[in-house]
Amino acid sequence: MTSPVLAVSDLRAYYRTSAFGVQREVRAVDDVSLAIQPGEIYGLAGESSSGKTTLIKTIANAIQPPLQVLAGSVLFDFAGQRFDIHALRPRELAAIRWKHLSYIMQGSMNVLNPVRRVRQTFVDFAFRHIGRPLPEFLDVVRQHLQRLHLEPQVLEAYPHQLSGGMRQRVTIALATVCRPQFIIADEPTTALDVVVQKGVLGMIHEVQRALGSSILFVTHDMAVHANLSDRLGIMYAGRIVEEGRTADVFRAPRHPYTTHLIGSLPHLGDAAPKQGLPGAPPNLADPPPGCRFHPRCPRASDLCRRDVPALETDASGHRVACFHPATESVAESIS
Amino acid sequence: MSTALLEVDGVSRIYSRGSLLSRRQFAAVDRVSFGLDADRAEIFTVVGESGSGKTTLARMILGMVAPTAGAIRFKGRDVSHIRGRRARLDFMKEVQPVFQNPFEAFNPMKRVDRYLFATARRMAGLGETAAIADAADVALKSVGLSLAEVRGRFPHELSGGQLQRVAIARALISRPALLVADEPVSMIDASLRAAIVNLLRDLRDRLGVSIIYITHDLATAYYISDRLLIMRRGEAVETGEARAVLDRPQHPYSQLLKASVLPPDVPSEPGGRLRADPIIPQGASSHA
Ligand SMILES: Nc1ncnc2c1ncn2[C@@H]1O[C@H](COP(=O)(O)OP(=O)(O)OP(=O)(O)O)[C@@H](O)[C@H]1O
Ligand SMILES: Nc1ncnc2c1ncn2[C@@H]1O[C@H](COP(=O)(O)OP(=O)(O)OP(=O)(O)O)[C@@H](O)[C@H]1O
Ligand SMILES: [Mg+2]
Ligand SMILES: [Mg+2]
């Protein structure tokens, strides 16, 4: 096995605030470990507010107060060039952004400057990394935009003149045009119709296969995970509760939260909505003791109320954090 | 026509784009018509291509953008003729928006609870602090949040799905007759999404709220919509009873749309379903 391009170990990142004189600590990422191989697409899914954005912000070192990294490490290895991303100086970080590591933020049109045309934004961020004369550079950009179903005229527009989905695609274009080795993307296709989305995912998949780059991809759209990611991690309340090959997670989910998630997916033609998960998402400022899923879990026992289940790896490399995981056969009969 | 809640009557919106030398005009919305009945609340869904004019249509219905041609009437009044603070406020009490992309819709410098309180005060006419807080809390609870979780927080201090739910809660406070919701659940997981979609259905069935629901999620559109409109490049290419349209789409674009829905199961060959279709680029000239 090659060494991973990204190794996250025992990462803990909390938001520490004081409001109305009360100290508050939101435990958004709590002891997360994961590794991503070169050429791998790793999908991350999980309940809203379970800490997905916080985790990838921490991985990309886009950390702003009150977010604090309390423990753990994030190590990248780009073909022997190793570094601890939290130890980099701002200048060193800027040098690898876009070219080696690009990060598409959730809902982020904030890389698009509202008073600059899209063309100028491309020049600002990508020109020096492509290393070609300006007219050639713009040709590269135009071709790239076309793969995202965007016409070259988009370059002359200001961001507010584009639709939500067009802006989202411009951000994807910015993050991929330099063909980075590692792409981190947080809900990058939420504003796209299914026809355009398929084209965009096809482009990402092709670029990734051609270059052998790696992708860490967050989305709630499980159909995207099923069709794009090699491995899938499931987060619940600040922790990864299950991780495995995407096909295994879909066909035989073992954690009860994952089982619910896979079971609740809508299919076109369903006449009625699926049942939502009963109970409210846990408050990460005061999470339940033991297994954080126990108040909503059909299989909870006294053990679950008291102890935190470790993320155990089985012989096939599948990981699950549960005292009463579904066995393969049980999982299959539920799904 | 005293029974019409909303009449969208042949509306178009022309924009221009490009540099000074190559300005082009195009119709972001091109002669679109439909109507909603006052006597029967319904969920009217708009789906279609990214950039096809859905948001522009919504902004015209909200009176934020004036049509270049055609007219939009709410309860018989042309919405682009609503002038003055008082009249505008009365209109907003009845017609409430949920904007696409909450990260762009909320002012990053303003605490999100202020939005809820302002709506409760101005649109729901509440005066006492306790009553205002109560109305905000009730609305937040209906989307799986609470005032305690949201109080004092800035937009960037909430997750995407939390912020999107705050936007929905805010729109519900004034008990509108019409909700114009532009991709309101795009950042919400399947399980919570089911709960919110059920909430929209309850609003229609119990409170008689009509909803214009803009979405890319055809599966939820299928089960909650009464009627469905499919847009492409500014035009309404197909409209009708939602299930009939999605079961048997007639227009080639509608058929392509339905065929492109990725199923949520793992394909036999990795990436097998992602092979790019012939590319139809989009932008200014495609509308011209
Ligand atoms: N700046 C902040 N200060 C305090 N709490 C925060 C801040 N940013 C996020 N949080 C909280 O941290 C938790 C995790 O948020 P995060 O954005 O990581 O969730 P997520 O899994 O990405 O959710 P979604 O799918 O809804 O985007 C949430 O409870 C959120 O309210
Ligand atoms: N202020 C503006 N000036 C110029 N062009 C505009 C303006 N607003 C929108 N457009 C253009 O109008 C068209 C329709 O945009 P609109 O935002 O209505 O699309 P949409 O259907 O909501 O797309 P999405 O699904 O991506 O959100 C697009 O081509 C967009 O570039
Ligand atoms: Mg997020
Ligand atoms: Mg839109």
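Chain A is the first sequence line, chain B the second, and so forth, proteins listed ahead of strands; every chain is numbered from 1. Note: hydrogens, waters and symmetry copies are ignored here, and every other heavy atom, side chains too, is used.
Chosen from B/R153, B/K54, B/E157, the residue pairing most often with chain A at heavy-atom distances under 4.5 Å is B/R153. Looking only at heavy-atom pairs under 4.5 Å with chain A, the residue among B/E149, B/Q164, B/R243 that has the most is B/R243. Top candidate by heavy-atom pairs under 4.5 Å with chain B, chosen from A/H220, A/K52, A/H267, is A/H220. Highest contact tally toward chain A, considering only B/N198, B/T55, B/D247, is held by B/N198 [criterion: heavy-atom pairs under 4.5 Å]. Between chain A and the options B/P102, B/G160, B/A148, B/G53, the largest number of non-hydrogen pairs under 4.5 Å is found for B/G160. Here A/A272 is the residue among A/A272, A/S229, A/A157 with the most heavy-atom pairs under 4.5 Å with chain B. Top candidate by heavy-atom pairs under 4.5 Å with chain A, chosen from B/S159, B/A195, B/A259, is B/S159. Between chain B and the residues A/P266, A/G165, A/A271, the largest count of heavy-atom pairs under 4.5 Å involves A/A271. Between chain B and the options A/V194, A/D221, A/V26, the largest number of non-hydrogen pairs under 4.5 Å is found for A/V194. Counting heavy-atom pairs closer than 4.5 Å to chain A, the top residue among B/P267, B/A194, B/G161 is B/P267. Among the candidates A/A285, A/S163, A/A226, the residue making the largest number of heavy-atom pairs closer than 4.5 Å to chain B is A/A226. For the set A/E47, A/R209, A/E187, A/Q275, the entry with the most heavy-atom pairs within less than 4.5 Å of chain B is A/E47.
With a threshold of 4.5 angstrom between heavy atoms, B/L192 approaches chain A through side-chain atoms but not through N, CA, C or O. Contacts of A/H225 with chain B are absent, with no heavy-atom separation under 4.5 Å from either backbone or side chain. In this structure, the portions of B/Q162 lying under 4.5 Å from any heavy atom of chain A include both its backbone and its side chain. At a 4.5 Å heavy-atom cutoff, the contact between A/H205 and chain B is made by side-chain atoms alone. Looking at B/S16, the atoms closer than 4.5 Å to chain A (heavy atoms on both sides) all sit in the backbone: N, CA, C or O. Looking at A/S48, both its backbone and its side chain come within 4.5 Å of chain B, counting heavy atoms on both sides. Looking at B/R193, there are no atoms closer than 4.5 Å to chain A (heavy atoms on both sides), in backbone or side chain. Residue contact with chain A, scored on non-hydrogen atoms closer than 4.5 Å, involves the backbone and the side chain of B/V261 alike. Heavy atoms of A/T53 lying under 4.5 Å from chain B are absent altogether.
Contact annotation: the side chain of B/E49 never approaches that of A/H149 to less than 4.5 Å [non-hydrogen atoms, C-beta and beyond]. Side-chain contact between B/F103 and A/Q106 is present, with at least one heavy-atom pair separated by less than 4.5 Å. Contact of the B/L262 side chain with the A/Q197 side chain is registered, since non-hydrogen atoms from C-beta on lie closer than 4.5 Å.
Under the 3.5 Å distance criterion, the side-chain polar atoms of B/H216 are matched with a main-chain donor or acceptor of A/A191. Of the possible donor and acceptor atoms, one in the side chain of A/N227 sits under 3.5 Å from a partner among the backbone N and O of B/P263. Between the side chain of A/D193 and the backbone N or O of B/S50 there is at least one donor-acceptor pair closer than 3.5 Å. Remark: the backbone N or O of A/L277 is paired with a side-chain donor or acceptor of B/S191 at under 3.5 angstrom.
Distance check: B/L274 CG to A/I204 CD1 gives 9.5 Å after rounding to the nearest 0.5 Å. To the nearest 0.5 angstrom, B/M187 atom CE is 10.0 Å from A/T219 atom OG1. Atom OG1 of A/T190 is separated from atom CD of B/E183 by 7.0 Å, given to the nearest 0.5 angstrom. Separation of atoms CD (A/E156) and CZ (B/R24) is listed at 10.5 Å; rounding is to 0.5 Å. Taking OG of A/S49 as the reference point, atom CG of B/L163 lies at 12.0 Å (rounded to 0.5 Å).
Of all heavy-atom pairs between A/G46 and B/D189, the closest is O-CB, 4.1 Å. B/L218 and A/L268 make their closest contact through O-CD1, 3.5 Å (heavy atoms, listed as atom of the first residue, atom of the second, distance). Here the shortest heavy-atom pairing between A/F250 and B/D265 reads CD2-CA, 4.4 Å. Scanning both residues, B/S260 and A/V195, for their nearest heavy atoms gives OG-CG2, 3.6 Å. Between B/Y222 and A/D270, the shortest heavy-atom distance links the atoms CD2-O, 3.2 Å.
The local environment of CZ in A/R142 is crowded, with over 12 non-hydrogen atoms from other residues, nucleotides or ligands closer than 6.0 Å. Counting non-hydrogen atoms of other residues, nucleotides and ligands closer than 6.0 Å to CZ of B/R59 gives a total of 12 or fewer.
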Check against side chain to side chain contact (heavy atoms under 4.5 Å, CB included), A/Q64 and B/H156: CA-CA 11 Å; A/Q64 273 174 355; B/H156 70 269; over 6 Å; no

